[in-house]
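Below is one structure; the comments refer to it alone.
Values below: every heavy atom of this structure, side chains too, minus hydrogens, waters and symmetry copies. Order of the sequence lines fixes the chain letters, A, B, ..., with proteins taken first and strands second; residue numbering starts at 1 for each chain.
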Protein chains: 2
Amino acid sequence: MASRPQPTRVRKLPDERRAEILRTAARIALEEGLERITLRRVADELGVRPGLIGHYFPAADTLVAEAFTDAATRERDTLLPADEEGLAPIDRLARFLVRLADGTYLDLSRLWLNARHLSRFKEGLREAVGAQETVTRTALTALIEAGVVAGEFDTDDALGAALHILVTVDGLGSYANADADIDVRLDHPALDDMAITTAEHELGLGRGTLRARL
Amino acid sequence: MASRPQPTRVRKLPDERRAEILRTAARIALEEGLERITLRRVADELGVRPGLIGHYFPAADTLVAEAFTDAATRERDTLLPADEEGLAPIDRLARFLVRLADGTYLDLSRLWLNARHLSRFKEGLREAVGAQETVTRTALTALIEAGVVAGEFDTDDALGAALHILVTVDGLGSYANADADIDVRLDHPALDDMAITTAEHELGLGRGTLRARL
DNA sequence: CCGGTTATTGGTCGCATGGCCAACTGGCTA
DNA sequence: TAGCCAGTTGGCCATGCGACCAATAACCGG
């Protein structure tokens, strides 16, 4: 407290301001959708004038793309932390899938749905989505390969298995999304376990093996 | 030709005009996205004034929701025709899945992605999506049940199997969509066959059984 | 303490959207 | 043929958007 760098700063350092804007935009994207990221909206949120946001992001599309990348990265780090090296691959996978199924990450699946659709119209976002997709796919494939080496998984196509799992997770996200706040929500046991079941089947694990790891 | 009802009609009958507007809006939705359905856009397409569209659809959201329903219904009738009674369930399913994998129906999967996302903001569309989802799910479930009765499929949870297939199809649609027009497009055999493989596994069919039905 | 750099302001523009409404006129009916 | 109903027009409004820019003032270095 005694040695606070800028006690009563009015103007912020560019890096600090830029990061602040990005963080705010990412939060808006997760909570309300990427199309709600607006120069005015972000400015209001930060208590500054819209022009300032435009100053840091001359093209609004850039802000949207970077906000998505920021949000997707942070969420992935929570779902599939890179610094869990001490943990066995099978346990990392189990945690990843269970966290997803938790429903806690409804916002994230909505964000992906949002981004995938919006990328149809926004070049920069399309590239960002592709990049994030690659990162996730690569990380999961590496995890599976590590598990194969460790003798925990049995598959001769780690990428194929990763794709199957990710496609399933994505499909589930779409479904869950549709009836998010309706009471008519479809509730079937197959939906709850689908991702885990798929992973177990794809990796040569017995039914219930993954869930049992918790 | 001799007894053409309205040879040079300028003003159209309400039902006729309304259907014409809906058809146009549905086409725009399939080709360019639901958010391109605009009073002005549809009007231009039909060579009339924007106000006229507003006259038939006092709330623009209604037009969007009905256009989606129209497009989704037409496309479903092509993919899974109801009047194929002569065909065995297993053959109907095989045709359904192969048609989907064809890639011919990229527009349709994009439309669903579009609708699922946009339904977050539009009440009417949300209901329409739910309704269409129910129709498709019900039709596929009935098809599977018929196959079980005929001894072609083996499952004790037709709905669960239908859900698994539909979730997979949806997930694939999302993936295919993302890299639609990029050359970096991910190409893995597991993706091409995933829906069919899932169906075969879920229905107790041997690998390659479904594709062999063509 | 002063001068220059630049973060920030505050406003304006052009554009697209949906909604609204009075006026016009095509075409049916009595 | 006269008249009326309603399909259709044309124009207006408020709103929200991104882009742009000159002016201002906060901060930092000399």
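Straight-line distance from the CG atom of A:Leu63 to the C1' atom of D:dA19: 14 Å, rounded to whole Å. Distance CG (B:Leu13) to C1' (C:dG26): 12 Å, rounded to an integer number of Å. When rounded to the nearest whole Å, the span between CZ of B:Arg18 and P of D:dT8 equals 14 Å. Taking atom CZ on B:Phe121 and atom C1' on D:dG16, their separation rounds to 15 Å, with Å as the unit. One atom, NZ of A:Lys12, and another, P of C:dT8, lie 9 Å apart when rounded to the nearest Å. Between B:Asp15 atom CG and D:dA6 atom P there is a gap of 14 Å when expressed in whole angstrom units. B:Glu16 has its CD atom 18 Å from the P atom of D:dA6, to the nearest Å.
Considering only side-chain atoms of A:Arg17, the nucleotide from C:dT8, C:dT9, D:dC27 that sits closest is C:dT8.
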Under 4.0 Å protein heavy-atom contacts per nucleotide of nucleotides 10-21 of chain C, with B for base, S for backbone only and - for none:
S------BBS--
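A:Leu108 has its side chain within reach of A:Leu79: a pair of non-hydrogen atoms, C-beta onward, lies under 4.5 Å apart.
Residues satisfying the side-chain contact (heavy atoms from CB on, under 4.5 Å) test with A:Gln132, not counting sequence neighbours, are A:Phe68, A:Thr69, A:Ala72, A:Thr73, A:Arg76, A:Trp112. Here B:His201 pairs with A:His201 under the ring pair (Phe, Tyr, Trp, His ring centres under 6.0 Å) rule; sequence neighbours left out. Listed by chain and residue number, nothing satisfies the side-chain hydrogen bond (donor to acceptor under 3.5 Å, both in side chains) test with B:Asp77 (two or more places apart in sequence, or in another chain).
Taking 4.0 angstrom as the limit, A:His55 places none of its side-chain polar atoms (N or O) nearer than this to OP1 or OP2 of C:dT8. When the side-chain nitrogen and oxygen atoms of B:Tyr56 are compared with OP1 and OP2 of D:dG7, none of them lie within a distance under 4.0 Å.
Applying the side-chain hydrogen bond (donor to acceptor under 3.5 Å, both in side chains) rule to pairs touching residues 49-65 of chain A yields A:Asp61-A:Lys122, sequence neighbours excluded.
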Considering only distance and modelled atom types, tabulate donor-acceptor pairs under 3.5 Å from the side chains of residues 190-197 of chain B, sequence neighbours left out.
from	atom 1	to	atom 2	distance (Å)
B:Asp193	OD1	B:Arg211	NH2	3.1
B:Thr197	OG1	B:Asp193	O	2.8

